[in-house]
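Working notes, structure below.
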Amino acid sequence: MNKLKVGLVQQSCGANREDNVRKSLDGIRQAAERGAQLVVLQELHTGLYFCQTEDTDCFDQAETIPGPSTEQFGALARELGVVLVTSLFERRAPGLYHNTAVVLERDGSIAGRYRKMHIPDDPGYYEKFFFTPGDLGFNPIDTSVGRLGVLVCWDQWYPEGARLMALAGADLLIYPTAIGWDPRDNDDEQQRQREAWLTIQRAHAVANGLPVISVNRVGHEPDPSEQSPGALFWGSSFIAGPQGEWIARAATDAEEVLVHDIDLGRSETVRRIWPFLRDRRIDAYQDLTRRYRD
């Protein structure tokens, strides 16, 4: 089947984990009731975005995979007969943690996982303190609804990750995300940042001839250290087609469940007229493995 109905759950998060999980579960149910076969959740959807500060107590939020979340969300996937893309703080071993997307098959089993490869370290986004870079590579996850090229947030700025997923046969690219504005930035700067975020991901769709799903959180989350005004997550979750065209878009300031059809067959059509993979000069790209061409 070329038609795939997908659901995106854009939500705000608070300090109460049970409330956050309930929102995610409710959003999945809403999407499934509207016919979604694949439902994608945002980055780290069970809690606040804790990387605004470097606090060792936050490691207590990490969990094993398999673990409580995969059991709970897997049970719902099995009940509703949907494929889920979740995003969890993985405790791999004492002192070793990952930012991990877990794909759950419609029978509730774990179809696969992806550990975030690119880890930022910026004011308000101190992720290197918490997350070990992924070591599973850029490998799509096979499911009953297709081969999913799942990446996570900061990965969305890197064309290399999207390309490697495409070269491994991904049917679509998926980005669970947590990104927002610094409230101190003026309106023009905020809009430039959001437009850059939208543009780079649509460019991955164009360059690879694949649909892109990006699911971002929404709402204000205070800085626990009170050293900044916190993060104002800009929502704007979306689906783009293989020519970068808009298929569905969510608001910047509201929780929302998007459900829309993706025509996976269009990738074949688009790649026939724009054969970028055919014309790649793989004989001349060796320097891409260097940090910089000094």
Next item on the list: Check S24 against H45 and note the closest heavy-atom contact, atom names and distance.
Entry: OG-ND1, 3.2 Å
Notebook entry, point to check: Do D19 and K23 sit within salt-bridge range, that is, some charged N less than 4.0 Å from a carboxylate O?
Noted result: no
Next item on the list: Would you kindly confirm whether L148 and V6 end up in one hydrophobic cluster when ILVMFWY residues are joined by side chain heavy atoms under 4.5 Å apart?
Entry: yes
Next item on the list: Any chance you could measure F233, atom CZ, to T177, atom OG1, to the nearest 0.5 Å?
Entry: 11.0 Å
Item checked: Shared hydrophobic cluster for L210 and L164 (ILVMFWY, side-chain gaps under 4.5 Å) -> yes
Next item on the list: Check for a donor-acceptor pair, side chain of S109 on one end and backbone N or O of D107 on the other, with a separation under 3.5 Å.
Entry: no
Margin query: Same cluster or not: V145 versus L76, using hydrophobic residues (I, L, V, M, F, W, Y) connected whenever any side-chain heavy atoms lie under 4.5 Å apart?
Written below: no
Item checked: Atom of A162, atom of N208 and distance for their closest heavy-atom approach -> CB-ND2, 3.9 Å
Next item on the list: Mind checking ring-ring contact (aromatic ring centres under 6.0 Å, His included) for F89 and listing every partner two or more places apart, or none if nothing turns up?
Entry: F50, Y97, F131
Next item on the list: Verify, without hydrogens or angle tests, whether Q11 (side chain) and Q42 (backbone) share a donor-acceptor contact under 3.5 angstrom.
Entry: no
Check: So, R163 side chain and A207 main chain: donor-acceptor pair closer than 3.5 Å or not?
Finding: yes
Note to self: Check K116 with E90, please: is the shortest side-chain N to carboxylate O separation under 4.0 Å?
What the structure shows: no
Next item on the list: In plain terms, say whether R192 and E189 are close enough for a salt bridge, that is, a side-chain N and a carboxylate O under 4.0 Å apart.
Entry: yes
Next item on the list: Please step through side-chain hydrogen bond (donor to acceptor under 3.5 Å, both in side chains) for the pair Q243 and R266, ending with a clear verdict.
Entry: CA-CA 9 Å; Q243 289 174 302; R266 284 203 65 245; 2.8 Å; yes
Notebook entry, point to check: Heavy atoms, side chains only, cut-off 4.5 Å: are C51 and Y125 in contact?
Noted result: no
Notebook entry, point to check: Nearest heavy-atom pair of T46 and N20: which atoms, and what distance?
Noted result: O-ND2, 3.1 Å
Check: Going by the angle between their ring planes, with limits at 30° and 60°, are F59 and F129 parallel, tilted or perpendicular?
Finding: tilted
Margin query: I want to check something: taking the side chain as every heavy atom from C-beta on, are R17 and S69 in contact at a cut-off of under 4.5 Å?
Written below: yes
Margin query: Using modelled atom types and a 3.5 Å cut-off, is there a donor and acceptor pairing between side-chain atoms of Q37 and backbone atoms of K5?
Written below: yes
Next item on the list: Give a yes or no on whether a salt bridge exists between E268 and R272, defined as a side-chain N under 4.0 angstrom from a carboxylate O.
Entry: yes
Margin query: Nearest 0.5 angstrom please: H204 NE2 to W157 CH2, how far?
Written below: 9.0 Å
Check: Is there a donor-acceptor pair closer than 3.5 Å between any side-chain N or O of S237 and the backbone N or O of N216?
Finding: yes
Item checked: Residues which pass side chain to side chain contact (heavy atoms under 4.5 Å, CB included) with V206, listed by chain and number, not counting sequence neighbours -> W274, F276
Check: Which pairs with one or both residues in residues 133-144 pass side-chain hydrogen bond (donor to acceptor under 3.5 Å, both in side chains), sequence neighbours excluded?
Finding: R92-D135, E105-S144, R106-S144, R115-D135, D142-R147
Notebook entry, point to check: Just by modelled atom types, is the S236 backbone N or O under 3.5 Å from a matching donor or acceptor in the T252 side chain?
Noted result: no
Note to self: Strictly distance-based, threshold 3.5 Å: is any side-chain N or O of Q10 a donor or acceptor partner for the main-chain N or O of A250?
What the structure shows: no
Note to self: Using the rule that Ile, Leu, Val, Met, Phe, Trp and Tyr join whenever any side-chain heavy atoms are under 4.5 Å apart, tell me whether I65 and V21 fall into a single cluster.
What the structure shows: yes
Item checked: Side-chain donor/acceptor of E43 to backbone N/O of A178, under 3.5 Å -> yes
Next item on the list: Could you state whether I179 and I200 fall into the same hydrophobic cluster, counting links through intermediate Ile, Leu, Val, Met, Phe, Trp or Tyr residues with side-chain heavy atoms under 4.5 angstrom apart?
Entry: yes
Margin query: If the condition is side chain to side chain contact (heavy atoms under 4.5 Å, CB included), which residues does P224 pass it with, not counting sequence neighbours?
Written below: Q52, T53
Margin query: Using 0.5 Å steps for rounding, measure from the CD atom of E127 to the CG atom of N99.
Written below: 6.0 Å
Item checked: Neighbour count above 12 (heavy atom, 6.0 Å) for Q286 CD -> yes
Item checked: Atom of D155, atom of Y114 and distance for their closest heavy-atom approach -> OD2-OH, 2.8 Å
Item checked: Residue among V40, V257, T86, L41 satisfying side chain to side chain contact (heavy atoms under 4.5 Å, CB included) with I28 -> L41
Item checked: Set of ring-ring contact (aromatic ring centres under 6.0 Å, His included) partners for H260, sequence neighbours left out -> none
Check: Is the closest side-chain heavy-atom distance between I174 and L38 below 4.5 Å?
Finding: yes
Item checked: Smallest separation among heavy atoms of A36 and V39, with atom names -> CB-CG2, 4.0 Å
Notebook entry, point to check: What are the two closest heavy atoms between I110 and P66, and how far apart are they?
Noted result: CD1-CG, 4.0 Å
Check: Can you list the steps and then say if S12 with E255 is a side-chain hydrogen bond (donor to acceptor under 3.5 Å, both in side chains)?
Finding: CA-CA 6 Å; S12 62; E255 296 181 312; 2.8 Å; yes
Checklist line | Point-to-point distance, once rounded to the nearest 0.5 Å, from CG of L44 to CZ of R217 | finding: 6.0 Å
Check: Side-chain contact, heavy-atom cut-off 4.5 Å: D121 with I119?
Finding: no
Next item on the list: Determine whether more than 12 heavy atoms belonging to other residues, nucleotides or ligands lie under 6.0 Å from atom CD1 of I282.
Entry: no
Notebook entry, point to check: Are any side-chain N or O atoms of E256 and backbone N or O atoms of A254, one a donor and one an acceptor, separated by less than 3.5 Å?
Noted result: no
Next item on the list: Take the angle between the ring planes of W197 and W234 and call it parallel below 30°, perpendicular above 60°, tilted in between.
Entry: perpendicular
Item checked: Spacing of CZ belonging to R34 relative to CZ belonging to R29, to within rounding of 0.5 Å -> 15.5 Å
Check: Say you draw a straight line from CG of L172 to CD1 of I213; how long is it, rounded to the nearest 0.5 Å?
Finding: 5.0 Å
Checklist line | Pairing residues for L48 by the side chain to side chain contact (heavy atoms under 4.5 Å, CB included) criterion, not counting sequence neighbours | finding: A15, E221
Next item on the list: Using atom types as modelled and distance alone, determine if a side-chain donor or acceptor of D223 lies under 3.5 Å from a backbone N or O of G230.
Entry: no
